[in-house]
Amino acid sequence: IAHFQEAVRLKPNDEHVLQELGIVYVYKAEYENAITYLQRVIRLKPENGGAYWFLGITYLKMGDRPQAQQVYRTLQRINKDLAAEFAARM
């Protein structure tokens with residue numbers, strides 16, 4: 001995580017670095033941190049389906065189904081393939 005945090009410090013608006021750090025936090029079950037970074041990605045690039053997908057997975061892991069469903073609805077508009085994959089996990 002330290003390497004990603006340093007990369008974010010050096011490139012605070014790099015969507016790829018932010019997304020990777022968010023994903024690492026998902027896998028470490030640090031969901032609030034994951035949400036923070038994934039939402040930053042979405043603010044920078046609202047059409048980033050991958051960021052929405054991982055954000056939705058994070059909400060599911062937290063047991064927040066209403067938020068996950070909201071993410072799913074957005075994902076349906078921007079990336080139908082990822083939306084279908086996400087729906088299979090709901």
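Residue numbers count from 1 along this sequence.
- For the atom pair CG of Asp81 and CZ of Phe86, the computed distance is 15.0 Å after rounding to the nearest 0.5 Å.
- Taking every heavy atom of both residues into account, Val41 and Ala51 meet most closely at CG1-CB, 3.6 Å.
- Put simply, Leu21 and Met62 are part of two different groups of oily side chains (I, L, V, M, F, W, Y) that touch within less than 4.5 Å, one to the next.
- Judged by distance alone, the side chains of Gln67 and Asp64 never bring a donor and an acceptor atom under 3.5 Å apart.
- Rounded to the nearest 0.5 angstrom, Glu30 CD and Thr58 OG1 are separated by 11.5 Å.
- Ring planes of Tyr27 and Phe54: perpendicular class, angle over 60° (limits at 30 and 60°).
- Residues Glu20 and Val17 have side chains not in contact (no heavy-atom distance under 4.5 Å, counting atoms from C-beta outward).
- Atom-to-atom distance recorded for Gln5:CD and Asn33:CG is 8.0 Å, nearest 0.5 angstrom.
- Between atom CD of residue Gln70 and atom CG of residue Leu75 there is a gap of 12.5 Å, rounded to the nearest 0.5 Å.
- Taking OG1 from Thr36 and CD from Gln39, the interatomic distance works out to 6.5 Å, rounded to the nearest 0.5 Å.
- Put simply, the side chain of Lys80 gets close to the backbone of Gln76: a donor and an acceptor are under 3.5 Å apart.
- Linking Ile, Leu, Val, Met, Phe, Trp and Tyr residues whenever their side-chain heavy atoms come within less than 4.5 Å leaves Val24 and Leu55 in two separate clusters.
- Between the CD1 atom in Ile35 and the OH atom in Tyr59 there is a gap of 4.5 Å [rounded to 0.5 Å].
- Of all heavy-atom pairs spanning Ala68 and Leu60, the tightest one is CB-CD2, 3.6 Å.
- Tracing side-chain contacts under 4.5 Å through hydrophobic residues (I, L, V, M, F, W, Y), one never reaches Tyr31 starting from Leu18; they form parts of separate clusters.
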Between Tyr52 and Leu38, does a side-chain contact (heavy atoms from CB on, under 4.5 Å) hold up when you go through it step by step? CA-CA 7 Å; Tyr52 277 103; Leu38 294 168; over 6 Å; no
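- For the pair Tyr25/Tyr37, a side-chain contact is recorded, criterion being any heavy-atom separation below 4.5 Å from C-beta on.
- Taking 4.5 Å as the limit, some side-chain heavy atom of Arg89 sits within range of a side-chain heavy atom of Trp53.
- When atom types are taken as modelled, the side chain of Arg40 and the backbone of Glu15 share no donor-acceptor pair closer than 3.5 angstrom.
- When all heavy atoms of Arg65 and Met90 are compared, the closest pair comes out as NH1-C, 3.7 Å.
- Taking the side chain as every heavy atom from C-beta outward, Asn79 and Asn48 never approach each other to under 4.5 Å.
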